[in-house]
Each structure stands twice: as C-alpha cells, then as structure tokens.
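All figures in this text were calculated on a predicted structure; none of them were measured in a lab. Order of the sequence lines sets the chain letters (A, B, ...), proteins ahead of strands, with each chain counted from 1.
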Protein chains: 2
Amino acid sequence: MAISANVGEKKNKVRKLEGQPSKNLMAERRRRKRLNDRLSMLRSIVPKISKMDRTSILGDAIDYMKELLEKIHTLREDDNVKDEIKDIKFVGNFKELKPNEALVKKPPKFEVERRNVDTRIEICCAAKPGLLLSTVSTLEALGLDVQQCVISCFSDFSLQASCSEAREHRTILSCEDVKQTLFKTAGYGGRCL
Amino acid sequence: MAISANVGEKKNKVRKLEGQPSKNLMAERRRRKRLNDRLSMLRSIVPKISKMDRTSILGDAIDYMKELLEKIHTLREDDNVKDEIKDIKFVGNFKELKPNEALVKKPPKFEVERRNVDTRIEICCAAKPGLLLSTVSTLEALGLDVQQCVISCFSDFSLQASCSEAREHRTILSCEDVKQTLFKTAGYGGRCL
DNA sequence: CTGTACACGTGATCC
DNA sequence: TGGATCACGTGTACA
C-alpha cells in the first residue's frame, strides 16, 4: 500500500503551476484543525493521561475504554456486596496530621447525615494548614463524590458539603464511620461527640 | 507561525545532502505507522462507525466513551432505587433544568485574578473523578490558602475560590502561571485561552 | 472540473 | 548533539 513506490516519473498532470494550490491548502488546514480539536476533546475526557503524545493520547483512550467496558461488565454481573472496605485503609496514607496539635479550646463540630441518596457533611473546627486538602482526600478515599460544597477558612475552618456515593459504600459505611474518619483526619484523637 | 514567511532561500543548514534524511524520514514513517495502528485499534473497538474518516473515528470514539460513562452512572444508581420516589418529588421542583444536555461541548473556563491580597479563582470544566482533589492539591502546592470556596459538581465541575498567599517564596507566581497550572491539573493539554 | 481525504517528505522545535 | 514529535505544503486518488 504505502509501497506503491515503484515507478518514478509519471507526472502526467502538471496542470497547476498557478492559482490552484491555495484551495487545497486551506482545505487541508481546516482538516488538520478539526482533527486536532477532536484529539484534544478525546484527551480532555480521558482521566489517565500518561503523556501528551498523539499516540499516547490514543493509547490511553483505548485503555480507558477497555477499562470502562470491563467495569460495566463487573457491575452487571456482580450481584452485590462483593466490595471490600479496603479503601478505608488508604485514608490514613495521607499527610498524618499529628493528634498532639489538636486544639482543645472549642468543641469542634463534625456531622454526617444521610438524606435520600446524598450524604450531608458539616465540619467546623480550628483551621490548620493542609486541613482542606486532607479532608477532600479523605472524602475521595471514602468513595464520597463532592457534589456541592461551601468552604470558609477565615477564622475557623468551616465546610458544608453534599456528597453522593461514588461506589457501593452506602451499605457498608455508616455515617458514624465517615464522621470518625473525618475527625481523625482533622488531627483530633479519640472519638467525636 | 505558519506565516513566518520571511527568509526565502537561506538554507543555512544543509548538513544533509547525504545520509541524514533517511534517519528522520524513517522515524517519521514509523511514527505515522504507530498512529494509524492506534487509530485502527480505536475504530475496531468502537461499535458505532459512521464513517471511516479519521475525524469521524475520533468523534465516534468520544461519543461512545460518553455513552459508556453514562451507562456506568445509571448502573450504579440503579442499585439503590429505593430513594427514587423522593428524588422524583425533588426533581419536580426543578423541572426547568434541561434533561438532556449530554452532548453539549463547551470550552472549559479557567480564570485567575488578583484583587488586593486575594487571588480569585474560577473554574468551570468537564467533571472528572479526582478533579476536586487534584485541584485543591495543586492550590496547596502553589502556596495558595483557600479562604472561601464554592463548589458544584452536578453537571460540570465548577469551583469559585478566594485564596490568600500562604508563603512568601511563591509570590513570584503570576496569575497566568496559576491558571496554566490549574489547566494542566484538570487534565487539559496545551495552553488555556 | 470541484471538493474531500490521506500519505508523504521536510523544516522546526523540544528535551 | 541526536532522537522524537509536530505542523506544514504538496501530490494524488476517489467521490
């Protein structure tokens, strides 16, 4: 195909020499533009991006699609409750805020509540560097997708969030578990309330 | 760029004339081969093929991926159908929200602006798993302390934050730098705006 | 003859 | 310095 090579000097048609090229030229430019745009779109919806290469983008997209297909199959055939709670173990991996630093002055407020499919979370405690990051990280590790969130860090750290369960943790994770995990994440020891 | 025009026939570097061209030439050939192979693979796993165009293939792949994502979400939510009745009532109050907006492709929005001592950040882009976490993590890494923040992840990912500079050694950061960093963090390539 | 779409070789650019 | 990747303009085949 690419090796149609042979034959050297046909050149039957030399009808250009003038005026013609600009048409085909800009058409080709538009085509390249469209192709690159599509490529960018593809890259923008694929979460795992190893490199910015065109080939890598396509490769990652392919892998991602296979991943999605497999996930769908397991979701379909996996009746239920096959999930482990192993995710909880990863919560502690993040930045270990030392409990010693726990400020005892004012009783912090940690509330977790289920409403329909949503999980309402309300936190108000002493501000601390990295607290927002560790809290968000913990929520993610617990399989809670933040849908809405209002944060204020002026005096105290205040966070009100509405989350949806990313995975099938609803039946396993109790509100109390979430609350205590967040409590520890914020650097407090013992149990909350 | 394309119209760098000037310079007509310089040819400062003519170090080729022999031996060299075949190197770059075949490298380019291999690159094209890989790219086309990837493209064929992508086409082979996408069931819906409208046309054999390169652009169409990418477009179909994108649509298919979105379709898969949506299917996964519906599958997950179907696991717990018990709360749906209440949700229906809830949704009923907000009927004005367009039901089918899946195919709208709008450009993401990344804005960073300095106001006095504060740095205002506004993001609106396609939702992606882990996006909130990576964004917060990036802000922290840039030395920006979130003072106030409103987040919404219902359809797209939307974040409006007001930050203060945490450290002094980062004060050299321009708004543009912050913007581009956030842009890349969100998984986009190239430059924003 | 008019577009559209692809492969090709080459110069430029970035580690 | 090279090796790898990209954008570009062009030739050409197919509708």
N24(A) vs dT10(D): side-chain N/O to OP1/OP2 distance below 4.0 Å
no
Nearest to the side chain of R54(A) - dT10(C), dA7(D), dC6(C)?
dA7(D)
D37(B) has an atom CG; how far is it from atom P of dA7(C), in whole Å?
11 Å
Mind checking if R32(A) touches a base, just sugar-phosphate, or nothing, with heavy atoms under 4.0 Å?
base
How many whole angstroms separate atom CE of M26(B) from atom C1' of dG9(C)?
13 Å
D53(A): what forms a side chain to side chain donor-acceptor pair (under 3.5 Å) with it, not counting sequence neighbours?
K51(A), S56(A)
Specify the separation, in whole Å, of atom NZ of K33(A) and atom C1' of dC6(D).
16 Å
Over how many whole Å does the gap from L25(B) atom CG to dG9(C) atom C1' extend?
6 Å
Looking at the base of dC6(D), is there any donor atom on it, or on the side chain of E28(B), that sits under 3.5 Å from an acceptor on the other one?
yes
Below 4.0 Å: OP1/OP2 of dT4(C) and any side-chain N or O of R31(A)
no
Between dT4(C), dA7(C), dA5(C), which nucleotide has the shortest distance from any of its atoms to the side chain of R30(A)?
dT4(C)
K23(A) side chain near dG3(C) phosphate (N/O to OP1/OP2, under 4.0 Å)
yes
N36(A) CG to dT5(D) P, in whole Å, measures 16 Å
Starting at CE of M52(B) and ending at P of dA13(D), how long is that distance when rounded to a whole Å?
19 Å
Quickly work out the K51(B) NZ to dT4(C) C1' distance and round it to whole Å.
9 Å
Residue met sooner reading DNA chain C from 5', once R29(B) and T55(B) are mapped to nucleotides:
T55(B)
Rounded to the Å, how far apart are D53(B) CG and dA5(C) P?
5 Å
Start with the C-alpha gap between E176(B) and R191(B), add the side-chain angles, then the distance that decides, and say whether salt bridge (Lys or Arg N to Asp or Glu O under 4.0 Å) holds.
CA-CA 10 Å; E176(B) 190 62 19; R191(B) 288 185 66 79; 3.2 Å; yes
Are the side chains of F157(B) and K128(B) in touch, meaning some heavy atoms are under 4.5 Å apart?
no
Does any non-hydrogen side-chain atom of L139(B) lie less than 4.5 Å from one of L182(B)?
yes
Measure the acute angle between the ring planes of Y188(B) and F110(B), then classify it against the limits of 30° and 60° as parallel, tilted or perpendicular.
perpendicular
